[in-house]
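See below for the structure under consideration.
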Amino acid sequence: HLQAVDVMRLAEMQHKLLRRAARWVSPGGQLLYVTISLQPAEGEQQTHSLTQDHPEWKVQQQLRLTPTRIAGGCDGFYAALLQH
């Protein structure tokens, strides 16, 4: 089980990864950001932070899926399609 310090450490890693990936996208391009974490600090807060710090980025669509047992089950995850 994750502790609060683990979530903070992982959120910082997500922050760095998203910022680095965003630098590789040309203007007009898209970036799909996906994490299997349901922690807002690793999902919505990351995309919100990117769009606040870099207004040229916009969130086009978001999806949050919670774990389910339907059709064999699936993990929960967060996904956002970002437009540069």
Side-chain angles (χ1 to χ4, degrees):
H1 296 285
L2 293 177
Q3 303 296 317
V5 68
D6 297 322
V7 173
M8 290 173 50
R9 181 180 53 79
L10 292 169
E12 179 60 28
M13 184 184 308
Q14 295 291 3
H15 177 86
K16 291 176 182 176
L17 290 168
L18 181 57
R19 293 299 195 285
R20 177 166 286 191
R23 290 192 310 231
W24 295 335
V25 179
S26 299
Q30 295 180 319
L31 174 65
L32 182 60
Y33 174 73
V34 181
T35 178
I36 59 169
S37 171
L38 290 175
Q39 297 293 328
E42 291 184 76
E44 292 91 343
Q45 290 176 13
Q46 294 299 328
T47 54
H48 177 74
S49 175
L50 178 71
T51 59
Q52 289 295 108
D53 294 346
H54 301 279
E56 67 274 16
W57 282 99
K58 304 288 185 223
V59 176
Q60 296 298 311
Q61 295 181 335
Q62 295 184 86
L63 173 66
R64 172 180 278 277
L65 188 64
T66 56
T68 180
R69 295 183 190 268
I70 299 172
C74 81
D75 291 334
F77 67 91
Y78 168 79
L81 179 61
L82 298 146
Q83 179 78 42
H84 188 267

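Keep in mind that what you see is a predicted model, and the values were worked out from it rather than measured.
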*Please confirm whether the backbone N or O of G43 pairs with a side-chain atom of Q14, one donor and one acceptor, at under 3.5 Å?*
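Looks like no, no N/O pair under 3.5 Å.
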Which atoms form the tightest heavy-atom contact between [X] and [Y], and what is the distance?
X   : Y   : result
G76 : L38 : C-CD2, 3.8 Å
L10 : E42 : CB-OE1, 3.6 Å
A41 : A11 : O-CB, 3.5 Å
Q39 : S37 : N-OG, 3.0 Å

*For D75, which residues count as a side chain to side chain contact (heavy atoms under 4.5 Å, CB included) partner, sequence neighbours excluded?*
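In terms of side chain to side chain contact (heavy atoms under 4.5 Å, CB included), with neighbours along the sequence ignored, D75 is linked to no residue.
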Do [X] and [Y] belong together in a cluster built from hydrophobic side chains that touch within less than 4.5 Å?
X   : Y   : answer
M13 : Y33 : no
L17 : V34 : no
L31 : L81 : no

_Less than 4.5 Å apart, side chain to side chain, heavy atoms only: is that true for L18 and L82?_
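The answer is yes, as the side chains (C-beta and beyond) meet within the 4.5 Å cut-off.
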*asked:* Run the salt bridge (Lys or Arg N to Asp or Glu O under 4.0 Å) test against E44 and tell me which residues pass, sequence neighbours left out.
replied: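 Expected list: R64.
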_Partner residues of Y78 under the side-chain hydrogen bond (donor to acceptor under 3.5 Å, both in side chains) criterion, sequence neighbours left out_ =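 Here the qualifying residues are T47, Q62.
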*List for me each residue that meets side-chain hydrogen bond (donor to acceptor under 3.5 Å, both in side chains) alongside Q83, sequence neighbours excluded, and say none if there are none.*
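Counting only residues at least two positions away or on another chain, Q83 forms a side-chain hydrogen bond (donor to acceptor under 3.5 Å, both in side chains) with Q30.
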_Applying ring-ring contact (aromatic ring centres under 6.0 Å, His included), can you list everything that pairs with H84, at least two apart in sequence or on another chain?_
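W57.
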_Residue pairs passing the salt bridge (charged side-chain N to carboxylate O under 4.0 Å, His left out) test where at least one lies in residues 14-35, sequence neighbours excluded_ =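 Salt bridge (charged side-chain N to carboxylate O under 4.0 Å, His left out) check on residues 14-35 returns R19-D53.
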*asked:* If you count heavy atoms of other groups shown closer than 6.0 angstrom to CD of E56, is the number above 12?
replied: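 Counting neighbours around CD of E56, more than 12 heavy atoms of other residues, nucleotides or ligands fall under 6.0 Å, so yes.
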_Just checking L63: does its CG atom have more than 12 heavy atoms from other residues, nucleotides or ligands closer to it than 6.0 angstrom?_
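Correct, the count exceeds 12.
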